[in-house]
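A quick write-up on the structure given underneath.
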Amino acid sequence: MSKLGNLGARLHRGEISYDFVGKRKIWYGISILITITAIVGLAVRGLNMGIEFQGGAVFTTPTKMSTSVAQAEEYANAASGHQSVVQKLGNGSLRIQIAGIDTGQSDKIKQELAKDLNLNPEKLAADLVGPSWGEQIANKAWEGLAIFMVLVVIYLAIAFEWRMAIAALVALIHDITITTGIYALVGFEVTPGTVIGLLTILGYSLYDTVVVFDSLKEQTKDITKQTRWTYSDIANRSINGTLVRSINTTVVALLPVAGLLFIGGGFLGAGTLNDISLSLFVGLAAGAYSSIFIATPLVADLKEREPAMKALTKRVLAKRAQAGSDEEVAEARAAGDDADDATPAVVGPRNQPASRGRGRGRPSGKRR
């Protein structure tokens, strides 16, 4: 068996463990810091919305253009007065996106671009995207997200309990906030592919969370009938028991996404892959983190507010304190026995009772 497999088996059996739940305040602090950073990024820089959401024009040149991407971007910025996005397609043509322009502006920009690129204006294809269409896409995305959240809460409340549903919802909001904040800080363009990626990561995040919750539900049956473990102890065992599984599934999912993001989008320059790959990469990592460090510790916090769980915690701690005191007494007795064994015995007359020598050397019988 591999070292990782052996580690997973030992974690599952409870032979070794890491106190995730006991150190939950540390994880909460880290998450709050990251979330605040993401919110500040959204507030200061905002999202770089794509042309599908803002409206504008897309110009496509013929194949085998000698003009570089940087030069074409300069031409487009000068002609439109707006920030443009230029991408080189696989057939050698250039795709020039200019957001925030109307039909009248697009005709003028097309003429100037064709002149700068030494092209016949008829060979420069132009597609217009209205802002109303992008607004409709954004509204549908928000509606889908809201419906998804409601269904998740209802399902988890029925399948598990409402505390787990609340914890899962907090974890999902945590993942979405961090992912959108990264988009704002990095400046990547938000496109319909980004929205698809965001909706996809919610399923991955929820999967890891449900795996831990299922283990926790199974191990906490009749928990109040024993005095060995608190709810936090069993929650921690559930995380450790599924830890290697969560890591394996996350790594396997991240590898192809990393290939799209760093090789396809970065090394090969296929910028269109960045739209969905960044949201998937950040979201998968954030989802795995929130399932382990946020969702389950939060369930333990909510659960241990119940009177029954408070009473259980008191009984468990009292039993552990009693066991500790009994162990100390046993150790003290063992130390005392060892000290007695080490003391040399006194030999000679002093070791005999005084009454034994009384009357020796006297004649027996009656006195005459």
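These numbers were taken from a predicted model, which means no experiment stands behind them.
Here the CD1 atom belonging to Ile223 is positioned 7.0 Å from the OH atom belonging to Tyr231, to the nearest 0.5 angstrom. Distance CG/Leu172 to OG1/Thr177: 10.5 Å, rounded to 0.5 Å. Separation of atoms CD1 (Ile239) and CD1 (Ile234) is listed at 12.5 Å; rounding is to 0.5 Å. The distance from the CD1 atom of Ile30 to the CG atom of Leu33 is 8.5 Å, given to the nearest 0.5 Å. Note: Thr194 OG1 to Met49 CE = 8.5 Å, rounded to the nearest 0.5 Å. Once rounded to the nearest 0.5 Å, the distance linking CD1 of Ile32 with CD1 of Ile34 reads 11.0 Å.
Minimum heavy-atom separation, Thr250 to Ala288: OG1-CB, 3.4 Å. Residues Val257 and Ser277 share a closest heavy-atom pair of CG1-O, 3.4 Å. Of all non-hydrogen atoms in Ser80 and Ile109, the two that sit nearest each other are CB-CD1, 3.4 Å. Taking each heavy atom of Ala159 and Lys217 in turn, the nearest pair found is O-NZ, 2.8 Å. Contact between Ala171 and Ala295 at its shortest, heavy atoms only, is CB-CB, 4.2 Å. Among all heavy-atom pairs drawn from Ile294 and Ser31, the shortest one is CD1-OG, 3.0 Å.
Between Trp229 and Val316, every side-chain heavy-atom pair lies at or beyond the 4.5 Å cut-off. For the pair Asn236 and Tyr18, the minimum side-chain heavy-atom distance is 4.5 Å or more. Ile201 places a side-chain heavy atom less than 4.5 Å from the side chain of Leu198. Under the 4.5 Å side-chain criterion, counting only non-hydrogen atoms from C-beta, Tyr207 is in contact with Val211. The closest side-chain heavy-atom distance from Leu199 to Leu145 is below 4.5 Å. The side-chain heavy atoms of Leu156 and Val210, taken from C-beta on, include a pair separated by under 4.5 Å. Side-chain contact between Tyr28 and Pro297 is present, with at least one heavy-atom pair separated by less than 4.5 Å. Side-chain contact between Thr296 and Phe213 is present, with heavy atoms from C-beta onward closer than 4.5 Å.
Checked against side chain to side chain contact (heavy atoms under 4.5 Å, CB included), Val40 has the following partners two or more places apart in sequence or in another chain: Ile36, Val44. Shown here are the side chain to side chain contact (heavy atoms under 4.5 Å, CB included) partners of Ala76, two or more places apart in sequence or in another chain: Ser84, Ile96, Ile98, Leu113. With sequence neighbours excluded, the residues that form a ring-ring contact (aromatic ring centres under 6.0 Å, His included) with Phe293 are Phe20, Trp27, Tyr289.
For residues 23-39, every residue pair satisfying the salt bridge (charged side-chain N to carboxylate O under 4.0 Å, His left out) rule, not counting sequence neighbours, is listed here: Arg24-Asp301. Legend: salt bridge (charged side-chain N to carboxylate O under 4.0 Å, His left out) pairs involving residues 110-123, not counting sequence neighbours: none detected.
Between Arg245 and Asp214, no side-chain nitrogen of the basic residue sits less than 4.0 Å from a carboxylate oxygen of the acidic one, so the salt-bridge criterion is not met.
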Please table the atom pairs, donor to acceptor, closer than 3.5 Å between any side-chain atom in residues 162-170 and protein atoms at least two apart or in another chain.
unit_1	atom_1	unit_2	atom_2	d
Arg163	NE	Glu306	OE2	3.2
Arg163	NH1	Glu161	OE1	2.7
Arg163	NH1	Glu306	OE2	3.0
Arg163	NH2	Glu306	OE2	2.6

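Hydrophobic clustering (side-chain heavy atoms under 4.5 Å, transitive across Ile, Leu, Val, Met, Phe, Trp, Tyr) groups Val153 together with Leu206. Placement of Leu47 and Val195 within a single hydrophobic cluster is found when ILVMFWY residues are connected by side-chain heavy-atom separations under 4.5 Å, directly or transitively. Leu317 and Leu312 are members of different hydrophobic clusters when ILVMFWY side chains are connected at heavy-atom separations under 4.5 Å. When hydrophobic clusters are built by joining Ile, Leu, Val, Met, Phe, Trp and Tyr residues whose side-chain heavy atoms come closer than 4.5 Å, directly or via intermediates, Val186 is grouped together with Tyr183. Hydrophobic clustering (side-chain heavy atoms under 4.5 Å, transitive across Ile, Leu, Val, Met, Phe, Trp, Tyr) keeps Leu185 apart from Val282.
By the 6.0 Å contact criterion, CZ on Arg228 is open, its count of non-hydrogen atoms from other residues, nucleotides or ligands being 12 or less.
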Show, in sequence, the C-alpha distance, side-chain angles and deciding distance for Leu254 and Phe281, and conclude whether the side chain to side chain contact (heavy atoms under 4.5 Å, CB included) test is met. CA-CA 6 Å; Leu254 281 176; Phe281 186 84; 3.8 Å; yes
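One N or O on the side chain of Ser291 and one on the backbone of Ser205 form a donor-acceptor pair closer than 3.5 Å. Between the side chain of Gln219 and the backbone N or O of Arg237, no donor-acceptor pair lies under 3.5 Å. Judged purely by atom type and a 3.5 angstrom limit, Thr61 uses its side chain to pair as donor or acceptor with the backbone of Leu94.
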